[in-house]
J.: 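Here it is, the structure, as structure tokens.
Atoms within each ligand, like the ligands themselves, are counted from 1 in listed order.
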Amino acid sequence: MKNPPSLLLLASCIPATRAHGMISEIWANGHRYPGWNANANGNLTSHPRSTPAWYTSNAGGGPLHPSDANSPQIVCAKGGANANMSAPVAAGADVRVRWWMADQAWPVGHHGPMLSYLAACGGACKDVEMTGLAFVKIAEKGWVDGSVYQEGFWATDEMIANNGSWTIRIPPNLAPGEYVLRHEIIALHVAFTSTGPYSLDGAEFYPQCVSLLVEGGGAVAVAGGVDARTLYKGDEPGLALNIHTSPDHGGYVMPGPPVWTGAD
Ligand SMILES: *[C@@H]1O[C@H](CO)[C@@H](O)[C@H](O)[C@H]1NC(C)=O
Ligand SMILES: *[C@@H]1O[C@H](CO)[C@@H](O)[C@H](O)[C@H]1NC(C)=O
Ligand SMILES: *[C@@H]1O[C@H](CO)[C@@H](O)[C@H](O)[C@H]1NC(C)=O
């Protein structure tokens with residue numbers, strides 16, 4: 001392996017335990033909803049009763065990896081199951097989420113891009129089959145600048161600086177109806193290890209689906225969407241890279257399809 005990262009650097013970047021990322025709060029249309037907390041022991045009775053966040057069972061397993069890129073769980077996380085409500089939001093308005101990791105804020109070391117996808121449910125999202133959803137990417141942000149030594153300052157660092165919060169604008173001309181927002185962090189701190197001496201499995205995917213009821217807006221239907229199991233291959237340049245030894249990520253190539261701007 002060329003340019004192995006120093007162990008010291010690695011020690012500062014890799015948490016002692018496997019991480020369990022989640023969206024802890026969702027704001028839409030002036031309402032605050034609790035997120036789905038799979039870390040709260042996978043026990044329905046201790047979970048929020050009404051949330052547009054899709055249910056997951058990723059408490060024990062942590063993130064998904066490149067080897068999961070084409071599996072059903074990449075769609076809406078491990079054990080992903082339909083939320084039973086859709087949060088109303090006006091087309092053109094922002095949905096805001098707060099990321100959280102088990103019992104702490106998102107760890108600084110988990111640098112990486114943040115991506116948002118939308119799929120029309122063609123009816124009520126609580127009844128939709130997730131593997132039939134066709135997602136378009138509506139927003140993405142990756143490497144921001146080189147202000148952090150070696151790893152760089154990424155979208156996740158911007159989110160941390162904003163108290164864990166991230167906003168996603170719903171396209172203003174989107175046709176009204178129910179949609180699944182698939183919001184995702186891809187942490188790259190150990191992305192390179194799929195070919196390195198460490199036994200971790202590369203990039204870490206943290207998807208979370210949220211059901212939305214889009215109101216107002218225009219008449220533009222999402223077009224050209226794809227099954228989330230085909231968004232990533234797993235070994236593309238935006239997923240297999242060493243952010244610790246390549247100081248300039250200005251040429252970072254975002255994984256997934258190009259952003260769809262058809263309803264902007
Ligand atoms: C689920 O949560 C309830 C309420 O907190 C608790 O009484 C129960 O023991 C929990 N069940 C399991 C299997 O953890
Ligand atoms: C959603 O499901 C939970 C758990 O089954 C239930 O307690 C809650 O009432 C449901 N919420 C709505 C809005 O249907
Ligand atoms: C940061 O988020 C937490 C969790 O929602 C909240 O309690 C706290 O007030 C927020 N801090 C600021 C400065 O907004």
J.: Using a 4.0 Å cutoff against the non-hydrogen atoms of Glu25, which atoms of ligand 3 qualify?
T.: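 Per the distance check, 4 (C), 5 (O).
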
J.: Answer yes or no for atom 11 (N) of ligand 3: protein heavy atom present at a distance under 4.0 Å?
T.: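 Neighbour list for atom 11 (N) of ligand 3 includes protein heavy atoms (cut-off 4.0 Å).
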
J.: State whether Asp264 and Arg169 are salt-bridged, where the test is any N-O pair (Lys NZ or Arg NE/NH1/NH2 against Asp/Glu carboxylate O) under 4.0 Å.
T.: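 Here Asp264 pairs with Arg169 in a salt bridge, since their nearest N and O are under 4.0 Å apart.
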
J.: Within the structure provided, determine whether His110 and Thr156 are in side-chain contact (heavy-atom separation under 4.5 Å).
T.: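 No, too far: nothing below the 4.5 Å cut-off.
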
J.: Answer with yes or no whether the hydrophobic clustering places Trp27 together with Met22; edges join I, L, V, M, F, W, Y residues whose side-chain heavy atoms lie under 4.5 Å apart.
T.: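 No.
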
J.: In the protein, what heavy atom is nearest to atom 4 (C) of ligand 3, and what distance, to one decimal place, separates them?
T.: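 For this ligand atom, the closest protein heavy atom is Arg98 NH1, 3.5 Å.
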
J.: What's the shortest distance from atom 9 (O) of ligand 3 to any protein heavy atom, and which residue and atom give it?
T.: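 Heavy-atom neighbour on the protein nearest atom 9 (O) of ligand 3: Asn163 ND2, 4.7 Å.
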
J.: Looking at Asp94 and Arg96, is any side-chain nitrogen of the basic one under 4.0 Å from a carboxylate oxygen of the acidic one?
T.: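 Between Asp94 and Arg96 there is no salt bridge, as every charged N stays at least 4.0 Å from the carboxylate O atoms.
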
